[in-house]
Protein chains: 2
Amino acid sequence: MAQKKEYLSKNQKIVLDIIEKSAQPMKAYSILFNVQKKGLKAPPQVYRALDKLVEIGKIHKIESRNAFIACRNSACTITNATAFSICESCEDVKEISSSKLSKYLSNFQDKEGMKYNKYNLEFFGICKKCK
Amino acid sequence: MAQKKEYLSKNQKIVLDIIEKSAQPMKAYSILFNVQKKGLKAPPQVYRALDKLVEIGKIHKIESRNAFIACRNSACTITNATAFSICESCEDVKEISSSKLSKYLSNFQDKEGMKYNKYNLEFFGICKKCK
DNA sequence: TCTGTTATTGTTATATTATAACAATGTAAT
DNA sequence: ATTACATTGTTATAATATAACAATAACAGA
């Protein structure tokens, strides 16, 4: 599950660790604040790590929130098909893993028959706790 | 089709006009630059208009690009179910209107049976022109 | 018409998110 | 040792967005 962490650089590990420990998406500058004790002092150090981690699928960016969440899939390489549920009240975010949904969207074609190699879907609502 | 524009305030009309004239999504500060001749001098004036226009569905925000695009639906009130195709080469963006897709997503339930009142979907690929 | 209420606008300042540019260091193969 | 390449460190700045408050306009009810 965490095997691939071995291939990560020092800074990438540090940033991934802090995101994985968080139950919720973290903002870049909140990450920066939290890793300053580990020696990462400047934004580029954090953003570089974030870029790489997104690229390899260890984390995902929640675009509507400018925040980053750890990927909980066992494989953690799915960077091209992401879906999230976001509670608009408590801002709780969960990754949705529905093979039915991902099949449907991965096979989606538009009117001109164009297919896509990547998508990101964000659902919004009020979660059970907040209801 | 443009009936509802009557209910918009002066600044809202100015901002909507410029976005509607653009074939592509516009960034907030590009909008600001373009409306300065019309008297809107500061970011808050643009962002307020953008917020309102998004709220009433006249425009949509492309979250992955921090840009705003005019809604081409006749009704222009659909603010809660949006889907876009984005070319990663030329950055061309089109709103997808597929009743099949919107039905599928509007009815989607997660594992706990939770339904959502809103979603935003962004597809990425290479458009025909760029291929 | 007056008056209170609400929406809209104008304005300054500042917060938040993200990248450019370049120097320094580490790593690993030859 | 030398080269090549990835990673890190650092400073500065760009790009995106909001807070806070004053001024004005729009408008309904007394």
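In what follows, every chain begins at residue 1, and chains take the letters A, B, ... in the order their sequences are listed.
Among residues at least two apart or in separate chains, ring-ring contact (aromatic ring centres under 6.0 Å, His included) pairs with a member in residues 84-105 of chain B are Tyr104(A)-Tyr104(B), His60(B)-Phe84(B).
Taking the side-chain contact (heavy atoms from CB on, under 4.5 Å) definition, one finds that Ser22(B) meets it with Gln24(B), Met26(B), sequence neighbours left out. Legend: residues meeting side-chain hydrogen bond (donor to acceptor under 3.5 Å, both in side chains) with Lys52(B), ordered by chain and number and at least two apart, are absent.
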Could you encode protein contacts along nucleotides 4-18 of chain C as a string, one character per nucleotide from 5' to 3', using B for base contact, S for sugar-phosphate-only contact and - for no contact, with a heavy-atom cut-off of under 4.0 Å?
----SBBBB----BB

Tell me which donor-acceptor pairs under 3.5 Å the side chains of residues 34-51 of chain A have, and how far apart each pair is, sequence neighbours excluded?
| from | atom 1 | to | atom 2 | distance (Å) |
| --- | --- | --- | --- | --- |
| Asn34(A) | ND2 | Ser30(A) | O | 2.7 |
| Gln45(A) | OE1 | Lys41(A) | N | 2.8 |
| Gln45(A) | OE1 | Ala42(A) | N | 3.0 |

Which donor-acceptor pairs under 3.5 Å do side chains of residues 63-70 of chain A form with protein atoms, sequence neighbours excluded?
| from | atom 1 | to | atom 2 | distance (Å) |
| --- | --- | --- | --- | --- |
| Ser64(A) | OG | Glu122(A) | OE1 | 2.6 |
| Arg65(A) | NE | Glu91(A) | OE1 | 2.6 |
| Arg65(A) | NH2 | Glu91(A) | OE2 | 3.4 |

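When rounded to the nearest whole Å, the span between CG of Leu32(B) and C1' of dA14(D) equals 15 Å.
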